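First comes the structure, then the notes that go with it.
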Amino acid sequence: MIELEVKNLNKRFGGLHVLKDVSFGIKGAELIGLIGPNGAGKTTLTNILDGAIKPNSGTVYLNGQRIDQLPPFEVAKVGLGRTFQVTRSFRRMTVLENLYVPALAKHVAADKTEVTNKALEVLDFLTMRHLRNEYAQALSGGQQKLLELGRLLMLDPDIIILDEPFAGVHPTLMEIIYEYIRKVNEEGKAIVLISHQMDSIFSLCKRLLVLNYGDLIADGAPEDVKNDPVVVDAYLGKDDDENSDTTNNEKQNSA
Amino acid sequence: MEYSAIFWWTTLWLLFWGVVGSIFTRRVYLRKDLDTSNSILVGSMVGAAFGPVGLVPLWLKTPEISRKLILIPAFVSVGIMMIAFALADPQNNCVSNGSFVASQITNGLIIGIIYGLMALGLTLIFSILGIVSFSHGEFYMIGGMLVYYSTVVWFPGLHPVIGVLIACLLTFMLGAVFERLFLTPLYDGRIDRPVEYGILITFGLAFTLQYFVQAVGGANPVKAKRFFDFPRIRLPDKADPWLIKTSRGNMELFDTISISNPRFVASVISIMVLLGLLYFLYRTWTGKALRAVSQDRDAATIAGINPHHMNMLAFAMGGMIAALSGATLVQAFSWLPQVGMIPAMRSFVIVVLGGLGSLPGAFIGGIIIGLVEAAGTGCVPDPQKASSYIPAYGMIVLTLTLLLRPTGLLGRRFASGTHGKL
Amino acid sequence: MNRQQTLWLISILIIVFFMTFPFLYGRRDYDYIMHVLITGFFYAILASSWSMLSGYAGQFSFGHMAFMGLGAYGTALFSHYFYLSPVPTNLCTEFEIGDQYFIIKDAIGVTSSTLDQDCLTKALAIWDGSVQITPMPIWIGILLGSMLGGIFGLLIGMLVLRLRAAYLALFTLGFSEILRATISAEIKITRGQAGIELPYLFENGITVFGHEFSKTDKIPPYYVMFFLLLACMAVLAWLAKSRFGLFVRALREDEDAAAALGVNTVRFKIMVFVITSTMAALAGAVQAHYVGIITPNNLMILQMSLVVAMAVIGGLENFAAAAIGAIIIQFLLELLRESFVIGGVEVDMTLWRLVFFGALLMITLRFYRNGLITPIIEFFTRAHVASETVEKRMDPKTEDVEEEGITG
Ligand SMILES: Nc1ncnc2c1ncn2[C@@H]1O[C@H](COP(=O)(O)OP(=O)(O)OP(=O)(O)O)[C@@H](O)[C@H]1O
Ligand SMILES: [Mg+2]
């Protein structure tokens, strides 16, 4: 049973209080959306969960193990994987090598044929098998995003945090990523999806967290959150202007 | 001899509590949910200065970190080290001889200005192009060589100041051509690891230049004549404890401080160049454009500044500034094709100490390093060893900076070495 | 025969060529050519291990020659100061070990007069040939020298963990300058610029297959250095193929991403420092025993520049290319040594060749970023990739399953 327990996280950068007493929990294979305006602290929260930065106070438990003071590579082994807001493939390594890294890092005695077969399976799923020996730098931006998702499959974590996977992505590719999210979720992994695209969030997620400049102002089913006056005030805006919101953000993300 | 034990034990004591302070202060601040930036620095300084007596109250009260909290313990620890040194070696020149100390400090300041100028060139290149030039020392060397060749070999009798101008012009052109030929691929994202490319390509340039000069000019040391002679002055005229007295190659102040002419002239030229540079950077359009590019490349481009021109200008000017320091110092030191190595290292140290990319930082760093080296060469007992270890003094400063305050004294935007990760 | 096999064949041919070379070559400049080759192998070890450090792991260290020097000075000091003697000298610091005395010579620097001689020389003069002292076996010195390099590699690796690119380069450059300054300044111990003399690799000669070689013969050191190179290449090849190579390349590309995927970046960074600096120290120790003397000038930044240039021109991101580049360049540098006269002006090629060489380094970097040898190797190893990609794009349904080569 997957269980993430975040308690009273605080993070300051100098005078800037980026996360204020953030607490929430994840139980089982949930599919959760994390939204908030630019600079709300979503990426910072991801970085803390992942161990890349340490919180000033608060605790994080994953499956009963405390992870907030662990280095990232330990956290990855305990079972939390994440993607980066800006794509970070290993550019001068081949696609297959990109996939080997997490598999071999997690399992010390991994069998090479097994790993290779699994990698090829993952590539099939991402429709990228023919690119397996290309250097990652030769891939398009979208393909590199897929590759990053593929690496997570190879890591095989319990919880996956996707930091804006839809930024700068064409609708066809978006379909693949949708399918990826659904499939991985059905396989029993919890997913936290960070995005500024409300329609994707609302169509995929069954639970929504809203972060507003460090405060976790809402946590619940999408419909409830949508109508929550606090959220409407702080974030979603008065009217039904979701669409304009989306396009704005898309611009920012692709920049 | 048994006194020197005092010094080493004091050093060990300071080191130990400095390490303890740096490790635990950060933890204490973290646990109390306080701002931890600079806590390592404060911890190590307080630990070194006051030992447990200082650390315990610091950990109990965890005051907000201020400049005062860093500077006072820093000065106290330097003071303790000085006292320990004086006790350990009371016969040493820099303990017993007041006028030697005064001279040493003055000369440290003067040479520090020149160091600062040279480091300024390096930091200018970094702030615009984002690379550290490993050929900075060779520009310095070539500057000196050009002055020597133009005033002694090619046009004997040419006034040295014209030689300096020639050196500036030629090195500026060299820098510009090199930038056009070899650094342009940096700008369009065609290179995977631009920082490493910058290191290697400037390293290659350094190698080539050094052997080019050696192949053309040979490996014998050369030295240019003094640029100017001091006028003979003695003030007040006949009184015995004079205030100022000069001979052609030397100046003495207050009967105690002695400054050699070449260094004095070099530092005066450096100050003038510095003022000119400041005027250029803050008052002219091109200078403002340069600073704009260093602060925000994209915004500057939108404002109509061509960043490629600024790259060329910055690299050429950075090289020229190094060459200028060499050109003014060739009258003070003897010159070899390998002479650039130590000044280059020193510039790196200064730039890291001052904060990579910070212009005022480079200047302050230069003066600090000038003083540190003056202390090192003046006070280490065995003079032959003292001068061999010159690069080591700077390296100690560099190591301490990287460990305690990687952003350097004034660097904020560039968290050094970690690209903002600290 | 596919290209992969061709590559294997070529490699084997190259190895066989170097194995048999000492017997095939018979010209008058035999000793000289052999010396060039031995030095070439030495640089090949340095260049290939540096390529592992900087090309694979992305740690641009300019301290590689300093590690080489640590190995060389480690073994030099060891063989210079430590001896075994059956009788106590009563002059030196000495300990009784079994029936022998372990003697530590006192450090007196360069002897200028017959009066200030080290304690052992005095004792020998007193004994007047009646006592036979034994120098330490050189392999212990070589081992200790390599370990010294490894230990410093560990320390430097830990110190520079948080530094990236430019800072790392600055710091290591500073480290190597300080080491050189220290060795030059501590004349009492290291004899400063005069350098320390070392026993030859086979000080008492060696007999192989009934053939006797004297201590200055080139064949034994040739094979020692060549096998050392082969061993280093084997280790590097194994590392590059294994998860170690995969992980250090990943951390070169993106440290944070590698850590997020479970790679212990700290450990692998330190490991790559330790391994490559041990290799450099080992090569330095053996080379010092071959040449018979080590001076601080061997640590000069020029030497480091040579290694950097060899690795870059060969191909930074392929250790084999770096090694081949090193041997070829070492040869070229020697060929270009001849000075000549044009129009009454003597061109001193000992210097100009370095100028050309520097220019070649810059041009390679600028226009052939993968070096000059790597593309040739990749021609054989990656030939199928491009065609494959295009083919599959045309017809994405054809699939062939083939074993991909990695070892766990
Ligand atoms: N390393 C850092 N040092 C200082 N401030 C930081 C650092 N990282 C983030 N911040 C600040 O913390 C705040 C939150 O940043 P964060 O990246 O978490 O926002 P976000 O919610 O991911 O925004 P976006 O939607 O734009 O990605 C911002 O104001 C940012 O400037
Ligand atoms: Mg973000």
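Not measured: the values here are computed from a predicted model. The figures that follow rest on heavy atoms only: side chains count, while hydrogens, waters and symmetry mates do not. Here is the naming used below: chain letters follow the sequence lines, and residue numbers restart at 1 for every chain.
Salt bridge annotation for A:E97-C:R249: present, with a cationic side-chain nitrogen under 4.0 angstrom from a carboxylate oxygen.
Closest approach of C:A259 and A:A76 over heavy atoms only: O-CB, 4.3 Å. The two residues A:A105 and C:G262 make their nearest non-hydrogen contact at CB-O, 3.5 Å. The two residues C:A260 and A:P72 have their closest heavy-atom pair at N-CB, 4.3 Å. Residues A:F90 and C:D254 share a closest heavy-atom pair of CE2-O, 3.7 Å. In plain terms, the two heavy atoms of A:L155 and C:L261 that are nearest each other are CD1-O, 3.5 Å.
For the pair C:E253 (side chain) and A:M93 (backbone), a donor-acceptor distance under 3.5 Å is absent. C:R243 places a side-chain N or O within 3.5 Å of a backbone atom of A:L104 that can act as its donor or acceptor partner.
The number of heavy-atom neighbours closer than 6.0 Å to NZ of A:K7, taken from other residues, nucleotides and ligands shown, is 12 or below. Around the CD atom of A:E179, the shell of radius 6.0 Å holds no more than 12 heavy atoms that belong to other residues, nucleotides or ligands. Counting non-hydrogen atoms of other residues, nucleotides and ligands closer than 6.0 Å to CD of A:E114 gives a total of 12 or fewer. Heavy atoms of other residues, nucleotides or ligands lying less than 6.0 angstrom from CZ of A:R66 number more than 12. For C:Y368, the OH atom counts as loosely surrounded, since its 6.0 Å shell holds 12 or fewer non-hydrogen atoms of other residues, nucleotides or ligands.
Within the structure, every pair that satisfies the side-chain hydrogen bond (donor to acceptor under 3.5 Å, both in side chains) test and touches residues 181-192 of chain A, not counting sequence neighbours, is listed here: A:D156-A:K189.
With a 4.5 angstrom heavy-atom cutoff, A:V75 does not touch chain C via any of its atoms. Proximity to chain C (any heavy atom under 4.5 Å) is shown, for A:K106, by neither the backbone nor the side chain.
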Worksheet item: Taking it one step at a time, do A:F73 and C:V266 satisfy side-chain contact (heavy atoms from CB on, under 4.5 Å)?
Response: CA-CA 10 Å; A:F73 77 94; C:V266 170; over 6 Å; no
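The closest side-chain heavy-atom distance from C:L246 to A:Y100 is below 4.5 Å.
Options A:R82, A:M154, A:R91, A:K77 differ in how many heavy-atom pairs under 4.5 Å they form with chain C, and the most are formed by A:R91.
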